[in-house]
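Notes for the one structure printed next.
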Amino acid sequence: MENLDITVLRQLLQWRQAGRRALLATVIRTWGSSPRPVGSIMALCETGAVIGSVSGGCIEDDLIYRYRRPADAGTAAQSTHDIPDGPPERVKYGVSADEAHRFGLPCGGTLELLLEFNPDAAVLDALVRSLGEGKLMLRTTDLASGEVTVAPCERPEGLRDDGKLLRNTFGPEYRMLLIGAGQLAEYLSTMAIFCGFSVTVCDPREEHRGSWNVPAARLDTGMPDDVVRDFGVDRRTCVIALTHDPKLDDLALLEALGTEAFYVGAIGSRRNNEARRARMIEHFEQTEDSLASMRGPIGLYIGSKMPSEIAVSIMAEVLAVKNGVALPRDAQVGPAKDRIEPRESSEAGPVCFSGARAA
């Protein structure tokens with residue numbers, strides 16, 4: 001599964017290139033609770049086909065009713081009108097309590113959509129191609145004329161609507177680079193793919209990657225530090241070390257720490273995490289400040305013991321960081337374990353398992 005925005009835009013482009021009338025709906029404002037955030041998009045074809053979402057389904061159904069072309073013009077129309085030409089239109093849902101109930105908006109929520117009719121295929125093609133090349137793009141819509149321009153941009157920004165122009169940032173897929181092709185990596189990569197990440201798994205050890213069984217994830221057999229160096233890590237990339245082998249994990253993490261990756265971390269117990277930091281400071285000229293962005297033990301503390309559950313805890317933390325959520329300290333594995341399972345000073349010996357489980 002790819003980034004949902006790219007999926008929507010690519011399908012919309014295919015409809016327009018095939019000569020189909022279609023519209024693009026964008027959530028531009030919300031009040032109260034809403035099922036989808038500002039900036040969410042969906043596309044509707046004149047056949048009634050929909051991709052993407054702006055609600056739990058009821059608003060999509062209403063748009064289909066409004067804009068689907070009747071299958072047989074000789075029968076009673078099942079839509080109020082076809083998808084028109086012309087400038088964009090604003091439409092609000094959930095203004096009244098009755099409408100909020102009708103459209104399934106929670107707690108009386110209200111949202112406003114911008115409907116763009118029959119977007120230009122050439123401009124869409126330029127946008128989709130740029131996103132496919134890994135570029136971050138700004139799409140600007142003139143609200144009076146409907147004219148759209150696209151251009152590369154440096155940093156993602158929230159949707160902006162000043163009454164004259166609508167500006168929305170579209171980015172390439174988020175990427176996850178996993179070091180190690182074990183069972184935990186299979187669970188985690190599968191979850192990441194369903195969340196719209198493009199996943200690459202790196203493992204130079206033939207005996208570990210021999211049973212790899214996630215075809216949608218790319219398997220790289222190079223040395224992890226070389227793979228990280230050549231990966232083109234950017235602010236939409238996370239790098240996670242899963243091997244427990246310092247020769248593989250440490251060098252990959254050191255390379256990742258010098259990039260803009262939004263998440264860099266490794267599994268392991270609290271003791272192993274402390275030992276890793278000590279090694280990096282002693283042998284690789286790192287400091288506490290330079291290692292501040294390295295996460296470990298990774299995952300949210302949910303009492304996990306099975307690899308599948310540990311993958312859930314790691315994926316939840318990755319998504320929270322991606323979405324800019326400040327996690328409570330007690331939700332993180334290390335602080336939570338320190339609080340509920342204090343370590344005795346006499347504890348010794350390595351614990352080689354995920355930080356979501358290990359001491």
Side-chain angles (χ1 to χ4, degrees), residues 1-4 7 172-228 230-233 236-253 255-256 261-269 272-273 276 294-323 332-333 350-359:
M1 184 179 294
E2 62 187 357
N3 178 286
L4 180 57
T7 302
E173 294 174 311
Y174 277 88
R175 298 184 298 160
M176 177 179 287
L177 174 58
L178 299 178
I179 310 303
Q183 186 181 35
L184 178 57
E186 288 198 3
Y187 285 118
L188 184 54
S189 62
T190 301
M191 293 176 189
I193 290 165
F194 274 104
C195 289
F197 283 71
S198 171
V199 178
T200 297
V201 177
C202 167
D203 202 324
R205 305 167 301 176
E206 184 176 358
E207 64 275 15
H208 285 268
R209 66 174 187 266
S211 60
W212 181 256
N213 192 32
V214 185
R218 186 171 74 89
L219 189 60
D220 194 308
T221 62
M223 290 300 295
D225 53 331
D226 293 333
V227 172
V228 174
D230 297 337
F231 198 69
V233 174
R236 300 172 75 87
T237 305
C238 61
V239 180
I240 304 175
L242 303 175
T243 72
H244 298 289
D245 184 342
K247 297 189 300 297
L248 301 177
D249 287 350
D250 287 9
L251 295 178
L253 291 168
E255 288 291 339
F262 74 88
Y263 183 105
V264 176
I267 59 171
S269 69
N272 285 348
N273 178 64
R276 177 185 299 112
M294 184 173 69
R295 295 175 176 270
I298 55 174
L300 304 184
Y301 183 71
I302 57 175
S304 303
K305 294 186 177 181
M306 299 297 293
S308 56
E309 294 180 2
I310 294 166
V312 170
S313 78
I314 296 172
M315 193 70 226
E317 185 181 44
V318 169
L319 292 175
V321 175
K322 164 186 169 290
N323 294 332
Q332 300 169 45
V333 170
V351 176
C352 257
F353 208 75
S354 164
R357 172 190 179 185

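Since the model is a prediction, treat every value here as computed from it, not as a measurement. Start at 1 with the first residue, then count along the sequence.
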Query raised in the report: Is the side chain of Glu186 donor-acceptor paired with the backbone N or O of Asn213 at a distance under 3.5 Å, no angle test?
Result: yes

Query - Closest non-hydrogen atom pair between Ala311 and Leu184, with its separation - result: N-CD1, 3.7 Å

Report task. Side-chain contact test, heavy atoms from C-beta onward, threshold under 4.5 Å: evaluate it for Cys202 versus Phe231 and give yes or no. Result -> no

Query raised in the report: Heavy atoms, side chains only, cut-off 4.5 Å: are Leu248 and Arg205 in contact?
Result: yes

Requested in this report: Could you label the plane-to-plane angle of the Phe262 and Tyr174 rings as parallel, tilted or perpendicular, counting under 30° as parallel and over 60° as perpendicular?
Outcome: perpendicular

**Report entry** Asn273 (side chain) donor-acceptor with Gly296 (main chain) under 3.5 angstrom
**Finding:** yes

Query - Euclidean distance, Lys322 NZ relative to Cys195 SG, rounded to 0.5 Å - result: 8.5 Å

Query raised in the report: Shortest non-hydrogen contact from Ser189 to Val199?
Result: CB-CG1, 3.6 Å

Query - Distance, nearest 0.5 Å, that separates CD of Glu255 from CG of Asp226 - result: 8.0 Å

Query raised in the report: Are Trp212 and Asp203 close enough that some pair of their side-chain heavy atoms sits under 4.5 Å apart?
Result: no

Report summary line: Closest non-hydrogen contact found for Gly222 with Asp220 is N-OD1, 2.8 Å

Requested in this report: Would you indicate whether the side-chain heavy atoms of Ile193 and Val214 approach each other to under 4.5 Å?
Outcome: yes

**Report entry** CD (Glu206) with more than 12 external heavy atoms under 6.0 Å
**Finding:** no

Query - Interatomic spacing from CZ in Phe197 to CG in Leu319 - rounded to 0.5 Å - result: 5.5 Å

Query - Check: Leu253 and Arg276 side chains under 4.5 Å, non-hydrogen atoms - result: yes

Report summary line: Minimal heavy-atom distance between Arg295 and Tyr263, with the atoms involved, is CD-CE1, 3.3 Å

Query raised in the report: Rounded to the nearest 0.5 Å, what separation is found between the CD1 atom of Ile179 and the OG1 atom of Thr200?
Result: 9.5 Å

Query raised in the report: Arg236 side chain to Arg175 main-chain N or O, any donor-acceptor pair under 3.5 Å?
Result: no

**Report entry** Side chain proximity check, Met315 to Val312, heavy atoms < 4.5 angstrom
**Finding:** no

Report task. Apply side chain to side chain contact (heavy atoms under 4.5 Å, CB included) to Leu251 and Met223, showing your working. Result -> CA-CA 9 Å; Leu251 295 178; Met223 290 300 295; over 6 Å; no

Query raised in the report: When rounded to the nearest 0.5 angstrom, what is the spacing between OG1 in Thr243 and CD1 in Ile267?
Result: 7.5 Å

Report task. Of all the heavy-atom pairs spanning Ala181 and Leu219, show the shortest one and how long it is. Result -> CB-CD1, 4.4 Å

Query raised in the report: With a 4.5 Å heavy-atom cut-off, do Glu317 and Val333 have their side chains touching?
Result: no

Query raised in the report: Are Leu188 and Met176 close enough that some pair of their side-chain heavy atoms sits under 4.5 Å apart?
Result: yes

Requested in this report: Could you pull out the closest heavy-atom pair between Val233 and Ala261, with the gap in Å?
Outcome: CG1-CB, 3.5 Å

Query raised in the report: Once you round to the nearest 0.5 Å, how far does CE of Met191 lie from CD1 of Ile314?
Result: 9.5 Å

